Protein chains: 2
Amino acid sequence: MVRCSRWTLGGGGGPAAGVRVNPRQTELERSRRRGRGPRRPPRAARHNVLVTERRRTRRPTIVDIAAAAGVSKSLVSLALRGDEGVSDATRARILGVADELGYRSNTLARGLVQGRTMLLGVLLTDLANPYHTEVVAGVEEAADAEGFTALLAHGRNDRRRLEQQLDALLQLSVDGVVVISSWLDPRVLTEAARRAPVVMVGRPAEHPTGVDTVANDDAAGATAAVEHLAGLGHRRIAHIAGSRRPAARARREGYLAAMRRAGLAAEAAVHTIGDDTGRRAAAAAELLEAAAPTAVFAVNDLAALAVLDRAHVLGVPVPDRLSVVGYDNTGLAETVRPRLTSVDQPRATMGRLAVTLLLERLGGRTADRREVLPPTLIPRASTGVAPAG
Amino acid sequence: MVRCSRWTLGGGGGPAAGVRVNPRQTELERSRRRGRGPRRPPRAARHNVLVTERRRTRRPTIVDIAAAAGVSKSLVSLALRGDEGVSDATRARILGVADELGYRSNTLARGLVQGRTMLLGVLLTDLANPYHTEVVAGVEEAADAEGFTALLAHGRNDRRRLEQQLDALLQLSVDGVVVISSWLDPRVLTEAARRAPVVMVGRPAEHPTGVDTVANDDAAGATAAVEHLAGLGHRRIAHIAGSRRPAARARREGYLAAMRRAGLAAEAAVHTIGDDTGRRAAAAAELLEAAAPTAVFAVNDLAALAVLDRAHVLGVPVPDRLSVVGYDNTGLAETVRPRLTSVDQPRATMGRLAVTLLLERLGGRTADRREVLPPTLIPRASTGVAPAG
DNA sequence: GTGAAAGCGCTAACAG
DNA sequence: CTGTTAGCGCTTTCAC
């Protein structure tokens, strides 16, 4: 879309309230439109002018190809999409001209008429979170394989923005949306699902109807962590819990249940932690000093890192006197010293599965599906046998 | 786009070669279209049917609103966009109906007719690279402020995919593209810039004509690192260089020049490093063992991390016997122990500047601009005074 | 085999 | 102040 010859900045008036419309649709905006109206000169004339232009050329359309190849635009369309009923000679000519003119189809026009865009929207809370980006990798892989293009929209840790971006994707007529976030209100998701299939990757507080979900089994992950540590002889296994978000909650419950099953209910100790670095460090310090555990199961790798860091400061050797298990198995786990034992979620698989579910919806499925995938504990250097004491 | 009632998976025949077309446009595909043709029933009839549908409703259009409000669709359009010349009563009624029906404008249709989409494409090489994502944050912030929506496309460290995604964005008629990558061929960028304004963030090997660029001053950053270390009394300052990519090259040259200027030309030692973790570790080991430097300036934080890690293994205390400086000031720098001294690029500013340049292009500027922003060294715990020996 | 025509949902000139 | 109309670029019957 490059036909505007001028474009001014600034401005931005208030559109009608209540209904979402393009926020910059002001008078200023409208006045800067390319100058065409119903009474414009016939295409041939326009074309001649534009052909002379140098940079920022008007994109050639099938009409241009048709003219150059001396056929109708319908035939161009048919030839371009490989329809059988076009003679080889004509097809070759059309394709040649198209290539020469550097023709690219217009997704807007095609989408408008076809009623589908072959676009998949991926909405994510936090680009900086490697967990999210690895799910994205799975989504992209599967989307590619199915001929879809994945377009990412970023919520920047802001629920409102997340909703806006979701809306933008839907207005763009994407054929489906993968939401990698558990921040959105279930009702918002349900509403979105009435416009296009929506799959949520993550653990929702409350299952949104009409929306499929893909999650990992947090309780199983917590159990694996506790059993790993108990198997190494640890008894005072503390837990650093996250906020009240569903996944964190499930890990906490899983931890408590596993401790009970291991006969260690009396040793269970939970310390809650904030989302920011400072609170994380404080919680780590508190936990190490107060509970004096020999092992810690942290709600995620960042929390585990805070523990490692604190242990480093306090001169507590890991894993000799303290074992630490994280969750998510992010790249961090393989970067820090000592390498962090962590519970791995099959992120790429989750991403791929999300696309599969989307395609099933497009295929007509109406029943909701909630997939739960098993996590795997990856043992590394941060866990060892419990100290003799 | 949810009007297809059925959607089958699999398939994927070969489209006409040479011209990029929707890769899944096969017979199978076409047969699954919603059943409408030129001879379909008038809208009113259709509407009645669809209103009865429960889930996955047809998106209401301005025609639906017009019908419900008893006005023409143009009036709806005007009212929705806050045009002056609509009576308050009518406007209120239209807005009310729109709200009730859950109307959202169709970006495809609007973009097609307006010749612009208010969409900005952001193309990036690597989602997992925090440097990239922080530039994205700047882009998004500025895009937001100007009323644009930023849509991300991910090249996944693959030049071909990067080109495909760029193409997809252009076919979508985005109003501009920010390319956060130095992987693309200059000719590809120049070609893209003929369709929509393109700004590249990063240091290109060769400046693509018609494309604006935003980069940091790598030589200045390298100089800052060397001067910081020399100021701490270091003389044997080695450099871990990256691949032959332009930014890495500029840092290397900057390092050599700065060493010369500091009278340390004889002490300069460059070790080249690969992009993968293994090669990185090997280079770090080689460097520490062979050159026995008291300080290392690494091409980026990941390389610096490899050095820290190696030093840890070899029992070399940092910063007591070895100082380490990274580049990029990623989150890692604040996570590792000891905290890493690093050269910071003003990433958010670069992202915002990229959007500004884009808007200038849309405003009619035709001359290329190459912006170079100064980096800043952030001293942390990984650098200290040179050991006495 | 090929062309003509209708229309996706929307905007914007112009006529009333 | 409101309705009519033409058309963005493309796909898809249907008729020749």
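Quick note on labels: first sequence line is chain A, next is B, and so on, each numbered from 1. Note that the structure is a prediction, hence the values are computed from the model and not measured.
Side-chain N/O atoms of Ser77(A) include one lying less than 4.0 angstrom from OP1 or OP2 on dT11(D). In terms of phosphate contacts, Arg81(B) brings a side-chain nitrogen or oxygen within less than 4.0 Å of OP1 or OP2 of dA12(C). Listed pair Thr90(A) / dT2(C) meets the phosphate criterion, a side-chain N or O lying under 4.0 Å from OP1 or OP2. Dashed line: the shortest gap from a side-chain N or O of Thr61(B) to OP1 or OP2 of dG9(C) is not under 4.0 Å. Put simply, Arg59(B) has no side-chain N or O that comes within less than 4.0 Å of OP1 or OP2 on dC8(C).
Per the geometry, CZ belonging to Arg116(B) stands 10 Å off P belonging to dT11(C), to the nearest Å. We find that CD1 of Ile65(A) is positioned 8 Å from P of dC10(D), with the value rounded to whole Å. In this structure, the CZ atom of Arg110(A) is 8 Å from the C1' atom of dC10(D), given to the nearest Å. Distance Leu101(A) CG to dG9(D) C1': 15 Å, rounded to the nearest Å. As a whole-Å value, the separation of Asp83(B) CG from dA12(C) C1' is 10 Å. Rounded to a whole Å, the CD atom of Gln114(B) is 18 Å from the P atom of dG7(D). As rounded to whole Å, 12 Å separates atom P of dT11(D) from atom CG of Leu112(B). To the nearest angstrom, P of dG9(C) lies 15 Å from CD of Gln171(A).
Ser87(B) comes within contact range of the sugar-phosphate backbone alone, with a heavy-atom separation under 4.0 Å but no base atom that close. At a threshold of 4.0 angstrom between heavy atoms, the contacts of Ser74(A) include nucleobase atoms, whether or not backbone atoms are also involved.
Residues Leu78(A) and Val86(B) each lie close to DNA chain D; by heavy-atom proximity, the contact nearer the 5' end of the strand is made by Val86(B). Taking the nucleotide of DNA chain D with the nearest heavy atom to each of Gly70(B) and Ala109(B), the more 5' of the two is matched to Gly70(B).
When the nucleotides dG9(C), dT2(C), dC10(D) are ranked by their closest atom to the side chain of Leu75(A), dT2(C) comes out on top. With dT4(D), dT2(D), dC10(D) as the candidates, the nucleotide lying closest to the side chain of Ile62(A) is dC10(D).
Glu100(A) pairs by the side-chain hydrogen bond (donor to acceptor under 3.5 Å, both in side chains) definition with nothing, not counting sequence neighbours. When the salt bridge (charged side-chain N to carboxylate O under 4.0 Å, His left out) test is applied to Glu191(A), the partners found at least two apart in sequence or on another chain are Arg194(A).
Of the inter-residue distances, the one linking Leu162(A) atom CG with Leu123(A) atom CG reads 4.5 Å to the nearest 0.5 angstrom.
The backbone N or O of His154(A) lies less than 3.5 Å from a partner atom in the side chain of Gln165(A), making a donor-acceptor pair. Between the side chain of Thr190(B) and the backbone N or O of Pro186(B) there is at least one donor-acceptor pair closer than 3.5 Å.
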